[in-house]
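Here you go, one structure.
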Amino acid sequence: MRLFQCDFNDSFVQQLPADPESENFCRTVTQAAYSFVAPTTTANPSLIALNSVLADELTLNVSDEIKLAEVLTGNSLLAGTTPYAMNYGGHQFGHWAGQLGDGRAINLGQLNVPEIGLKTLQLKGAGSTPYSRRADGLAVLRSSIREYLCSEAMYHLGVPTTRALSLCLTGDLVTRDMFYDGHPKEELGAIVCRVSSSFLRFGSFQLPASRGDISLLKQLLDYTITTHFPHLGEPNKTSYLAWFEQVADETCQLMVHWMRVGFVHGVMNTDNMSMLSETIDYGPYGWIDNFDLNWTPNTTDAQGKRYCFGAQPEIAQWNLFQLANAIYPLIDDAEPLNTVLSKFAKQYEQRWRQMMADKLGFEQLDNDADPALFIALEKLMTDTNADMTIFYRLLAILPDKPALWLEHLDDCFYDLLSKTQQEQWQQWLTVYVQRLTHNTISSEEKASRMNQVNPKYVLRNYLAQQVIEQAEKGDYTALHQLYEVLKRPYQEQPEAAHFAGKRPDWAKHKAGCSMLSCSS
């Protein structure tokens, strides 16, 4: 049986230099974009979730589940696959960390799929690589479930992202200290097969630049433009700059999407920034429940809050500055790079304003009056512990009578409103309703438009944790149920109403629901 109807033919391997060392041990790898490495053989692989739509797009034959599990865990290698781990560096929490690389991710190979083009299949949690440092390169079920669910949730929300093809158990146990507090325990091992046109990151260009390896830097950027940005023309200084401008533009748009749906990445290191401006590396991410621009889901960032919800656009610009530094030797002119970077903040602000206008149902953005209304709303939501997702859905169907407004919105608040807060909300809503009179569309059309940008269902951390706890007992019912709900995030699904509620009190400080570590 042929598993894929199209062939593996990896241009990354064919066109870029490999690490000449064939043994798998931790080391510094120079003058190479990747190292060949075989996935670790697992004890008893089994498939517990498969993205059938993506499988069909990839021309994957899903009839033999046992064979699928063998291939999607790396136990069985298909003809044409050349497993390898990528070599890159990065800034972590603002500090240069040097060589990092794929410590627990192994690329199986690249498919050239009719209709959708190049797609790389990558196994996350498939064993150690030369870049694993002191780690084992494995992944556990809880983190794998979070990656599988979130990448697909983001895709259906319309947010650029890597995809998840499958989720498999390995049959092995993996020891993890979830909160690095000296209490390790054995957990179920798992592997996610994720898919993207490319897993190149900002750090892929930073590492050779940091070493003065201009030859490898040029090879990487030339390959990137030729393979993934061919519309920019032949690789040269002009196309390098055009490439950087496109990456900055699309990264800006990605940040707007994250803010629109209430997503917090948690670890926006430069090695976690995709060259394709996709959301990548789902670790200690989180979804905003009560609106709070200062919230971060990452225990490692609890004090500094470098990667908190509201800081994400600024961090994206900082990361782009590091990318500009990396490619500067190929352009040798700082002014055009600085121009792109300077434009980022203005571009983000305008796109954020338009996004807020869309979320509030305004037919046209008023750049003079609306920003003050937006800022006032965010402060009010923060001060009154309003649930972001629920608030916008309720706002779309706000009653005509002012006396009913607060009663209508009651379900979005985590705390009782004081008299002063009630007055503040009434004042803001009065201004908001008056602003809606500028629309020429009907209230029904306005509500419909709002519900196309404001999701009803997002992957709240407590929902993911409930799924994880059941799955660890061998029950995947909730996993499949939630997955199906997240495929239609903007639609009303009466049968799934329990997935749309506020974060329950028990989840406020529960591990996996409020804060997570990089081991999560």
Side-chain angles (χ1 to χ4, degrees), residues 1-4 6-10 12-13 18-19 21-26 34-51 54-55 58-87 101-111 113 118-133 135-141 143-145 147-148 151 162-176 187-196 198-199 280-282:
M1 180 193 74
R2 185 175 182 181
L3 210 58
F4 289 93
C6 51
D7 296 325
F8 282 93
N9 188 21
D10 203 311
F12 189 84
V13 168
D19 174 8
E21 175 60 65
S22 59
E23 293 297 315
N24 186 4
F25 63 93
C26 293
Y34 59 92
S35 301
F36 290 113
V37 58
T40 299
T41 301
T42 62
N44 184 28
S46 59
L47 182 69
I48 61 175
L50 179 71
N51 183 339
L54 180 57
L58 295 172
T59 71
L60 176 61
N61 185 331
V62 300
S63 61
D64 188 339
E65 190 170 303
I66 295 176
K67 179 66 173 177
L68 277 177
E70 290 284 340
V71 170
L72 296 175
T73 56
N75 270 25
S76 176
L77 297 179
L78 298 175
T81 56
T82 51
Y84 60 93
M86 298 172 73
N87 187 18
D102 285 334
R104 61 171 176 174
I106 297 176
N107 289 349
L108 283 182
Q110 193 179 72
L111 286 168
V113 188
L118 295 176
K119 293 296 175 185
T120 297
L121 273 59
Q122 184 183 83
L123 302 183
K124 187 172 181 178
S128 64
T129 77
Y131 311 103
S132 298
R133 300 188 289 284
D136 56 22
L138 304 176
V140 295
L141 182 59
S143 62
S144 300
I145 285 175
E147 170 116 13
Y148 181 78
S151 55
T162 56
R163 303 292 304 279
L165 173 61
S166 61
L167 172 61
C168 294
L169 287 174
T170 64
D172 298 312
L173 293 176
V174 178
T175 301
R176 284 291 181 270
E187 301 186 46
L188 297 172
I191 293 174
V192 170
C193 179
R194 55 186 186 179
V195 180
S196 176
S198 174
F199 288 95
I280 192 172
D281 289 335
Y282 292 96

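Numbers here are sequence positions counted from 1. These numbers come from the heavy atoms of this one structure, side chains and all, not from hydrogens, waters or symmetry mates.
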Contacts of type ring pair (Phe, Tyr, Trp, His ring centres under 6.0 Å), residue F199, not counting sequence neighbours: none
Sub-4.5 Å side-chain heavy-atom contact between Y34 and V13: yes
Is any side-chain heavy atom of F4 closer than 4.5 Å to one of N61? no
Indicate yes or no: at least one non-hydrogen side-chain atom of E147 is less than 4.5 angstrom from one of K124. yes
Test item: M86 and I106 side chains (from C-beta on) under 4.5 Å apart, heavy atoms: no
Taking side chain as C-beta onward, heavy atoms only, is V195 less than 4.5 Å from T120? no
By side-chain contact (heavy atoms from CB on, under 4.5 Å) - contacts of A49 (at least two apart): Y148, L167, L479, H480
Of L50, N51, L121, which meets side-chain contact (heavy atoms from CB on, under 4.5 Å) against C193? L121
If you compare all heavy atoms of I191 against all heavy atoms of A126, which two are closest, and at what distance to 0.1 Å? CD1-CA, 3.9 Å
Taking only residues two or more places apart in sequence or in another chain, which ones pass side-chain contact (heavy atoms from CB on, under 4.5 Å) with L138? D136, V174, R176
Decide yes or no for L3 and D64: does some side-chain heavy atom of the first lie under 4.5 Å from some side-chain heavy atom of the second? no
Kindly list each side-chain donor-acceptor pair under 3.5 angstrom involving residues 73-80, sequence neighbours excluded, with atom names and distances?
{"from": "T73", "atom 1": "OG1", "to": "A69", "atom 2": "O", "distance (Å)": "2.7"}
{"from": "T73", "atom 1": "OG1", "to": "E70", "atom 2": "O", "distance (Å)": "3.3"}
{"from": "N75", "atom 1": "OD1", "to": "T42", "atom 2": "N", "distance (Å)": "2.9"}
{"from": "N75", "atom 1": "OD1", "to": "T42", "atom 2": "OG1", "distance (Å)": "3.1"}
{"from": "N75", "atom 1": "ND2", "to": "T42", "atom 2": "O", "distance (Å)": "3.2"}
{"from": "N75", "atom 1": "ND2", "to": "T42", "atom 2": "OG1", "distance (Å)": "3.2"}
{"from": "S76", "atom 1": "OG", "to": "K67", "atom 2": "NZ", "distance (Å)": "3.3"}

Taking the side chain from S143 and the backbone from A139, do they hold a donor-acceptor pair closer than 3.5 Å? no
Distance in Å, R2 CZ paired with T59 OG1, rounded so as to fall on 0.5 Å steps: 7.5 Å
Atom CG of L108 and atom OG1 of T82: how far apart are they, to the nearest 0.5 Å? 9.0 Å
Could you list the residues that satisfy side-chain contact (heavy atoms from CB on, under 4.5 Å) with L141, not counting sequence neighbours? I48, I145, L169, L188, A190, A471, E472
How would you list, by chain and number, every residue that makes a side-chain contact (heavy atoms from CB on, under 4.5 Å) with E65, sequence neighbours excluded? L47
Is any side-chain heavy atom of S35 closer than 4.5 Å to one of Y131? yes
With no hydrogens and no angle check, is any side-chain donor or acceptor of S132 less than 3.5 Å from a backbone partner on G103? yes
